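See structure below.
For clarity, every value in this text was computed on a predicted model and none was experimentally measured. Heads up: numbering here begins at 1 and tracks the sequence.
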Amino acid sequence: MYAKRVVSAVALTALIAGSSLAAGCKSSAEASVTEESVEAVPVALEEPLTEEHDGGSVGWEIAPDGAVRAIVTGPDGKPIDKDVSGTLTWKGPNGEEKIPLALDAKTGLLVAAGPKLEADLTPVKYDIVVAGKPWIGTLHVPAGGTRVIVEGARKAEKRPIPAGKTGPNGGVIQVVGDDTIEVVADKASGQVRVYVLDANLKPVPVGDRKIKLGFVGASSELVVLNPGPGGLYAVGTVAAKVNPVKLTVVVAHPTHADVVLVGYRPGVHVVVGPAAPALNVIVATTWNVGVKVNAAPGVVVVHDDDDDDDDGRAVHIHVHGKHKHRHKGKHHHHPHHRH
């Protein structure tokens with residue numbers, strides 16, 4: 001990463017005018033004006049991953065070698081290069097590391113040198129103070145840096161999902177590389193599943209894909225998923241049973257890994273904080289069904305634990321030899337008569 005120093009048009013005009021007026025009588029000192037003697041203009045990051053806070057935004061560029069550059073801007077979009085500082089909390093395989101963000105007077109950027117990115121997703125928490133006000137957030141950064149997230153969003157744009165469309169289990173649909181997935185979690189248990197969908201949005205086997213999720217909400221967590229029964233989905237558990245405001249997904253194949261930030265489009269700010277809209281990932285499901293065997297022979301009662309069904313019904317499955325009958329209804333308690 002590098003930043004070019006730019007000589008302003010005004011400075012060049014003044015330099016040319018001065019040369020014509022001097023007409024051969026300029027001193028060697030006057031003739032030695034170079035770009036180093038002209039103050040560099042603020043550098044704009046090419047494709048930052050920008051998060052919007054109350055009072056402004058911060059655009060991030062994190063390279064695979066851990067080099068960090070960030071541009072802080074106000075509500076008017078103008079860079080803020082005074083009274084700003086910050087710290088990164090970089091979570092690696094050996095624990096957390098505090099890394100200071102320093103303001104580069106030449107470029108107007110906050111810069112830092114973090115460890116090399118090696119994991120599929122590395123949680124990087126930032127705490128920036130702008131004019132005494134904290135801006136706090138968490139990034140889940142892939143091994144290829146923030147550039148990979150931008151590239152993943154650009155590829156996903158080529159196969160847009162209809163607005164408001166949900167998956168067959170009521171979860172969020174997202175294009176990840178050449179795959180289309182559904183992310184959905186149970187609001188009671190916190191079990192989270194990722195389904196791989198075909199062109200008709202029907203689940204297909206997960207195969208050799210390995211999937212990780214980075215949740216960011218009131219807290220942040222990284223969830224590693226394992227193959228589910230029959231390989232029809234990948235499954236894990238999320239501790240915070242609330243909808244996240246950001247969700248980063250890694251789908252790793254044997255030859256490569258694809259990464260997306262769900263719902264993100266290049267050039268669009270990611271809203272964080274209290275004003276951030278939540279992703280509809282946490283839903284009521286019927287995944288957890290309790291089974292009890294009655295004292296009466298040949299009868300199994302399956303209690304429906306779906307949170308959307310509050311009528312107290314149970315499914316009775318009567319087993320008579322090779323025949324099974326089932327009915328659904330309420331339990332009726334017959335009162336005892338006293339004589």
Side-chain angles (χ1 to χ4, degrees), residues 51-52 91 120-121 123 125 136-140 149 152-153 156 160-176 179-197 201-204 206 209-251 258-265 268 270-290 303-312:
E51 298 203 339
E52 185 173 322
K91 190 171 184 179
D120 290 334
L121 286 180
K125 180 181 177 181
I136 299 173
T138 299
L139 306 170
H140 284 99
I149 294 178
I161 303 298
K165 183 68 175 179
T166 59
N169 298 280
V172 169
I173 303 176
Q174 175 66 45
V175 171
V176 187
D179 294 320
T180 301
I181 65 168
E182 177 190 19
V183 184
V184 60
D186 176 56
K187 70 179 184 180
S189 66
Q191 182 183 123
V192 57
R193 297 181 181 181
V194 170
Y195 293 85
V196 179
L197 308 177
L201 302 183
K202 302 297 183 183
V204 297
V206 174
R209 299 171 180 86
K210 297 185 183 301
I211 302 174
K212 293 181 182 179
L213 305 175
F215 282 80
V216 177
S219 60
S220 66
E221 57 185 300
L222 184 61
V223 181
V224 179
L225 305 187
N226 297 306
L232 295 179
Y233 53 83
V235 61
T237 303
V238 60
K241 303 179 184 68
V242 294
N243 282 318
V245 298
K246 290 198 308 177
L247 177 60
T248 308
V249 180
V250 177
V251 178
D258 296 302
V259 185
V260 295
L261 180 59
V262 173
Y264 171 66
R265 291 182 292 118
V268 175
V270 179
V271 180
V272 296
L279 296 167
N280 189 32
V281 172
I282 311 294
V283 301
T285 74
T286 56
W287 296 339
N288 301 303
V289 177
H303 291 276
D304 187 352
D305 290 338
D306 186 351
D307 288 346
D308 289 340
D309 187 356
D310 297 321
D311 61 2

(message) Please determine whether the number of non-hydrogen atoms from other residues, nucleotides or ligands lying under 6.0 Å from atom NZ of K91 exceeds 12.
(response) no
Under 3.5 Å, which donor-acceptor pairs link side chains of residues 215-223 to any protein atom two or more places apart or in another chain?
unit_1	atom_1	unit_2	atom_2	d
E221	OE1	A239	N	3.0
E221	OE2	A239	N	3.2
E221	OE2	A240	N	3.0

(message) Please evaluate residues Q174 and I161 with respect to the criterion side-chain contact (heavy atoms from CB on, under 4.5 Å), reporting the C-alpha separation (whole Å), side-chain torsions for both, the decisive distance (0.1 Å), and the verdict.
(response) CA-CA 7 Å; Q174 175 66 45; I161 303 298; over 6 Å; no
(message) Quick check: do L197 and P168 have side-chain heavy atoms less than 4.5 Å from each other?
(response) yes
(request) Might you point out which heavy atoms bring N243 and I282 nearest each other, and give the distance in Å? (result) OD1-N, 2.6 Å
(request) List the atom of V283, the atom of G170, and the distance in Å for their closest heavy-atom pair. (result) CG1-O, 3.6 Å
(request) Search all heavy atoms of I149 against all heavy atoms of H140 and return the closest pair with its distance. (result) CD1-O, 3.8 Å
(message) With a 4.5 Å cut-off on side-chain heavy atoms, are E182 and N169 touching?
(response) yes
(request) Look up atom CD1 in I136 and atom CD in E51, then write down how far apart they are to the nearest 0.5 Å. (result) 12.5 Å
(request) Check whether any side-chain heavy atom of V245 sits under 4.5 Å from a side-chain heavy atom of P277, and report yes or no. (result) no
(request) Dump the intermediate steps for side-chain contact (heavy atoms from CB on, under 4.5 Å) on V172 and L247, then the final yes or no. (result) CA-CA 10 Å; V172 169; L247 177 60; 5.8 Å; no
(message) On a heavy-atom basis, which atom in A234 and which in I211 lie closest, and how many Å separate them?
(response) CB-CD1, 4.1 Å
(request) Report yes or no: does Q191 contribute a side-chain atom to a donor-acceptor pair with the main-chain N or O of D186 at less than 3.5 Å? (result) no
(request) First locate atom CG of D258, then atom CD1 of I181, and finally report the distance between them rounded to the nearest 0.5 Å. (result) 10.5 Å
(request) Find the distance between CG (L121) and NZ (K212) and round it off to the nearest 0.5 Å. (result) 7.0 Å
(request) Can you measure from OG1 (T285) to NZ (K187) and round to the nearest 0.5 angstrom? (result) 9.5 Å
(request) For the pair W287 and V184, evaluate side-chain contact (heavy atoms from CB on, under 4.5 Å) and give the outcome as yes or no after the intermediate values. (result) CA-CA 11 Å; W287 296 339; V184 60; 3.8 Å; yes
(request) Taking the side chain as every heavy atom from C-beta outward, state whether L225 and V235 have any pair of such atoms under 4.5 Å apart. (result) no
(request) Would you name the heavy atoms of S189 and T237 that are closest together and state the gap between them? (result) O-CG2, 4.2 Å
(request) Please report the closest heavy-atom contact between V250 and V259, naming both atoms and the distance. (result) CG2-CG2, 3.9 Å
(message) In the structure I gave you, are the side-chain heavy atoms of V206 and P227 within less than 4.5 Å of one another anywhere?
(response) no
(message) A side-chain contact here means heavy atoms from C-beta on lying under 4.5 Å apart; do K165 and L201 qualify?
(response) yes
(request) Report the C-alpha separation of V270 and K246 in whole Å, then their side-chain angles, then the decisive distance to 0.1 Å, and conclude whether the side-chain contact (heavy atoms from CB on, under 4.5 Å) test is met. (result) CA-CA 8 Å; V270 179; K246 290 198 308 177; 3.6 Å; yes
